Amino acid sequence: MSFQAPKGVPEYFPPRSATFLAVRAAFATAAQNAGYSYIEVPVFEDTELFARGVGESTDVVTKEMYTFADRGGRSVTLRPEFTAGVMRSTLEHGLHHGQLPVKLWTTGPAFRYERPQAGRYRQLQQFNVEAIGTEDPAVDAETIAVAWSGYQALGLSQVRLLLNTLGCKQCRPAYRAALQDFLRGLDLDEATRERIEINPLRVLDDKRPEVRAQVENAPLITDHLCASCKAHHDRVRSLLEDLGVPWEDAPRLVRGLDYYTRTTYEFDHPLLGAQSGIGGGGRYDGLSEDIGGPPLPGIGFAVGVDRIILAVEAENLSQEAPARVAVYGVPLGEEAARRMFRLVSELRAAGVSADMAFDGKGLKGAMKGADRSGAAYAVILGDRDIAAGAAQVKDLASGDQTSVPLAEIITTLKERLTP
RNA sequence: GUGGGUGUAGCUCAGUUGGCAGAGCGCCAGGUUGUGGUCCUGGAUGUCGUGGGUUCAAGUCCCAUCACUCACCCCA
């Protein structure tokens, strides 16, 4: 076969795809339980939305976007993240004109043109939660709790929560200037020196040891917070404490998107190698205005479904493939195949999952199919049985087999399958 | 964008100083002509990533190229 999946695009097929759905379901349940509603937003948007929303100084915008001209000459971009699109949709449809906050969740693929590696893909699957129109630190803590319960529901026990604040429009500029003063005095490579001028906070997050050593004594935002940011941050932390969600203060934690303000956080998993961030979020109080909307604060997170799958596997939590069906039909001969096809359909209509052997398979092959389907019962039907007006119902676990009149097959199986 | 590693059966991988292309798992069939899962026996499947070079002879050595992969950077 001469085709292969595009570079950097992971695919999930059975049995592993079950874990994919389980991860989504765990977070969807957590979000729904906390009163978040589903929103479906476009996979591509006007390029300008991301440029302004995510930020011109970010790597995501400057070198990682899948941007192209459509046939009408418009520049569109496959979403590199969800928050800008969710905010745009909220503003466009006036969701914020009702009671606030607007609490939304969404999920699907996002796209970034990067060199793939373990846990880093060009098409990545995210699960997002956004609470728009609130400054209440309790909602900051709520979003963290929602993500946390998603991880818990999957059984992950090694997730670390790193928490920081980035200050706000009032206090960040002064801190930024102080940080730049400090960083300009260091011995750094050219790319990093440029970053000092564009986005100095990100230098703090550099993972290279030689950089880390030098920023050891850099001024920290936590020492430069205004009174309201400090109160906000303290409140978030004390609420987390009330909930029993453990966190680590990470005063050097910076997120890569420009819109973050105040609360920022990241979930890490120690077993994943270089790309250990399995989720991250924060407050984006200026985003609405950045894209031409009214002042409208917000807080939310994205978790990486692909990386969570890796974490689930690293902690050996992958579930065994569930039985595909409860009943499997084994027809012998043309007439039996026709009757079985209808019986299987009737079983499904009666709420009993069922499959059957096709292609005129022989008894041995069909029974093998029954075994692999994970079915609890096989229904065997041959000419002999049709003549007798009955089918053989075999309990595949015990091997016991009984003859059941055709008219009673469905009720018998329903009964036996009900615990 | 930068650097390292790896390409052999459907999958995971072995393949010696260059000398007949292999194993396990899976798949198919038979043992059992109406019975799966265990067991036994047998069977099929390869442009050895691709192109070139060296050699009597290349999976093995050399060059190029492509793909995959890990890491930097960045982020979910």
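Only a predicted model underlies this, so the values are computations on that prediction, with no experimental measurement involved. Letters A, B, ... are given to chains in the order of the sequence lines, protein chains preceding strands, and every chain is numbered from 1.
- Salt-bridge formation is detected for the pair A/Glu197/A/Arg184: a Lys NZ or Arg NE/NH1/NH2 atom is positioned less than 4.0 Å from an Asp or Glu carboxylate oxygen.
- For the P atoms, the distance from B/G43 to B/C61 is 33 Å, rounded to whole Å.
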Taking protein heavy atoms under 4.0 Å as touching, what does nucleotides 64-76 of chain B look like 5' to 3' if B marks base contact, S marks sugar-phosphate-only contact and - marks none? ---SS-SBBBBBB
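- B/C61: Watson-Crick or G-U partner is B/G53, with both key distances under 3.5 Å.
- When the options A/Tyr121, A/Phe68, A/Tyr66 are evaluated for a ring pair (Phe, Tyr, Trp, His ring centres under 6.0 Å) with A/Tyr113, the one that passes is A/Tyr66.
- Separating the P atom of B/U8 from that of B/C68 is a span of 14 Å, rounded to the nearest Å.
- Using a 3.5 Å distance cut-off with no hydrogens or angles, the side chains of A/Asp140 and A/His232 do pair a donor with an acceptor.
- With hydrogens and angles disregarded, no donor-acceptor distance shorter than 3.5 Å links the side chain of A/Arg307 to the backbone of A/Arg120.
- For the C1' atom pair drawn from B/G26 and B/G37, the interatomic distance equals 16 Å after rounding to whole Å.
- Remark: B/C74 base-pairs with no nucleotide in the shown strands. Criterion, Watson-Crick or G-U wobble with two distances under 3.5 Å.
- Ring-centre distance between A/Tyr284 and A/Tyr260: not below the 6.0 Å cut-off.
- Comparing B/A44 with B/A9, their C1' atoms are spaced 11 Å from each other, to the whole Å.
- Across all strands shown, B/A67 forms a Watson-Crick or G-U wobble pair, both distances under 3.5 Å, with B/U6.
- The separation of B/G46 from B/A14, taken at their C1' atoms, amounts to 15 Å, rounded to a whole angstrom.
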Verdict with reasoning, A/Glu313 to A/Arg16, per salt bridge (Lys or Arg N to Asp or Glu O under 4.0 Å): CA-CA 10 Å; A/Glu313 290 168 348; A/Arg16 205 164 169 242; 2.6 Å; yes
In 5'-to-3' order, the base (B), backbone-only (S) or no-contact (-) status of each nucleotide in nucleotides 5-13 of chain B, using a 4.0 angstrom heavy-atom cut-off, is ---------
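- For A/Asp136 and A/Thr134, the side-chain atoms include no donor-acceptor pair closer than 3.5 Å.
- Pairing for B/G18 is absent, with no Watson-Crick or G-U wobble pair whose two atom distances lie under 3.5 Å.
- Nucleotide B/U38 has no partner under the Watson-Crick or G-U criteria, as no pair reaches both atom distances under 3.5 Å.
- Side-chain contact annotation: A/Gln126 with A/Thr107, donor-acceptor N/O pair under 3.5 Å absent.
- A gap of 23 Å separates the P atoms of B/U50 and B/U55, to the nearest Å.
- The main-chain N or O of A/Ala25 is found under 3.5 Å from a side-chain atom of A/Thr29 such that the two form a donor-acceptor pair.
- Under the 4.5 Å side-chain criterion, counting only non-hydrogen atoms from C-beta, A/Ser75 is not in contact with A/Asp46.
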Taking protein heavy atoms under 4.0 Å as touching, what does nucleotides 27-48 of chain B look like 5' to 3' if B marks base contact, S marks sugar-phosphate-only contact and - marks none? SS--B--BBBB-----------
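- Between A/Tyr377 and A/Asp395, some side-chain heavy-atom pair lies under the 4.5 Å cut-off.
- Straight-line distance between the C1' atoms of B/C56 and B/A23: roughly 31 Å, to the nearest whole Å.
- Rounded to whole Å, the separation between the C1' atoms of B/U54 and B/A64 comes to 15 Å.
- Looking at heavy atoms from C-beta onward, A/Thr165 lies out of side-chain contact with A/Thr264 at the 4.5 angstrom threshold.
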